[in-house]
Amino acid sequence: QVQLVESGGGLVQYGDSLSLSCVASGRDFSDYAMGWFRQAPGKQREFVAAVSWTGESTKYADVVKGRATISRDNAKNTVYQQMNSLKYEDTAVYYCARGRTPEIFATDWAYDYWGRGTQVTVSA
């Protein structure tokens, strides 16, 4: 059974930076792509970023491109999401997810295991 546990969320000010982490339990972490999604109140869950199994390929949503960096450490079974220049619209619950394949996709059907999420709130 795979478990994903996110951390690093919290209350930050507009323009600040934040680093999220997601630790995966279970074997074969390095065989799968990993992704970050988010869901704001009253909105559908949306793709944020994804990283391939090797870490060599990444993909970002247009709304975070240039402000976000996803990375992974397969030795630690951990995926990271660095976000800079945070905006009010970045306020959401951020979810880590494990891909069904080694390659990256931007749709949630391509992910089969999900964490419980970590809240990020951007304030003035």
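For clarity, every value in this text was computed on a predicted model and none was experimentally measured.
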### Query
Given a cutoff of under 4.5 Å between side-chain heavy atoms of I, L, V, M, F, W and Y, with clusters grown through shared members, what are the other residues clustered with Tyr60?
Val2, Leu4, Val12, Tyr14, Leu18, Leu20, Phe29, Met34, Trp36, Val48, Val51, Val63, Val64, Ile70, Val79, Met83, Leu86, Tyr88, Tyr94, Tyr113, Val120, Val122
### Task
State the CG-CD distance between Asp108 and Gln44, to the nearest 0.5 angstrom.
9.0 Å
### Message
For Arg116, is the CZ atom crowded, meaning more than 12 foreign heavy atoms sit under 6.0 Å from it?
### Response
no
## Note on the structure
Rounded to the nearest 0.5 angstrom, the OG-CZ distance for Ser30 and Arg72 is 7.0 Å
### For the student: nearest non-hydrogen atoms of Pro102 and Ala33, plus distance
O-CB, 3.5 Å
#### Entry: Separation of Ser57 OG from Glu103 CD (nearest 0.5 Å)
6.5 Å
### Task
Keeping the roles fixed (side chain from Arg98, backbone from Gly115), state whether a donor-acceptor pair exists under 3.5 Å.
no
### Query
Just wondering, do Arg100 and Phe105 contact through their side chains at under 4.5 Å, heavy atoms?
no
### Message
Using 0.5 Å steps for rounding, measure from the CG atom of Asp31 to the CG atom of Asn74.
### Response
9.0 Å
### Query
Are Asn84 and Ser17 close enough, and set up right, to give a side-chain hydrogen bond (donor to acceptor under 3.5 Å, both in side chains), and what steps lead you there?
CA-CA 4 Å; Asn84 302 319; Ser17 298; 2.9 Å; yes
### Query
Does any non-hydrogen side-chain atom of Ser123 lie less than 4.5 Å from one of Leu11?
yes
### Task
Using a cut-off of 6.0 Å, state whether more than 12 heavy atoms not belonging to Gln119 lie near its atom CD.
yes
### Task
Please confirm whether the backbone N or O of Gln3 pairs with a side-chain atom of Ser25, one donor and one acceptor, at under 3.5 Å?
yes
### Query
When you check the gap from the basic side-chain N to the acidic O, do Arg38 and Glu46 get nearer than 4.0 Å?
yes
### Summary
In terms of heavy-atom contacts, Gln39 and Lys43 come closest through NE2-O, 3.0 Å
### Query
Is the ring centre of Tyr111 less than 6.0 Å from the ring centre of Phe37?
yes
### Query
What distance separates Thr121 OG1 from Gln13 CD, expressed to the nearest 0.5 Å?
13.0 Å
### Message
Could you tell me if Arg45 sits above the aromatic ring of Trp114, with its cationic atom closer than 6.0 Å to the ring centre and no more than 45 degrees from the axis?
### Response
yes
### Task
For residues Ala49 and Gln81, report the shortest heavy-atom separation together with the two atoms involved.
CB-OE1, 3.8 Å
### Message
Please give me the minimum heavy-atom distance between Gly99 and Asp112, naming the atom from each residue.
### Response
O-OD1, 3.7 Å
### Query
So, Lys87 and Asp90, do they make that salt bridge, N to O below 4.0 Å?
no
### Message
Nearest 0.5 angstrom please: Trp53 CH2 to Ile104 CD1, how far?
### Response
13.5 Å
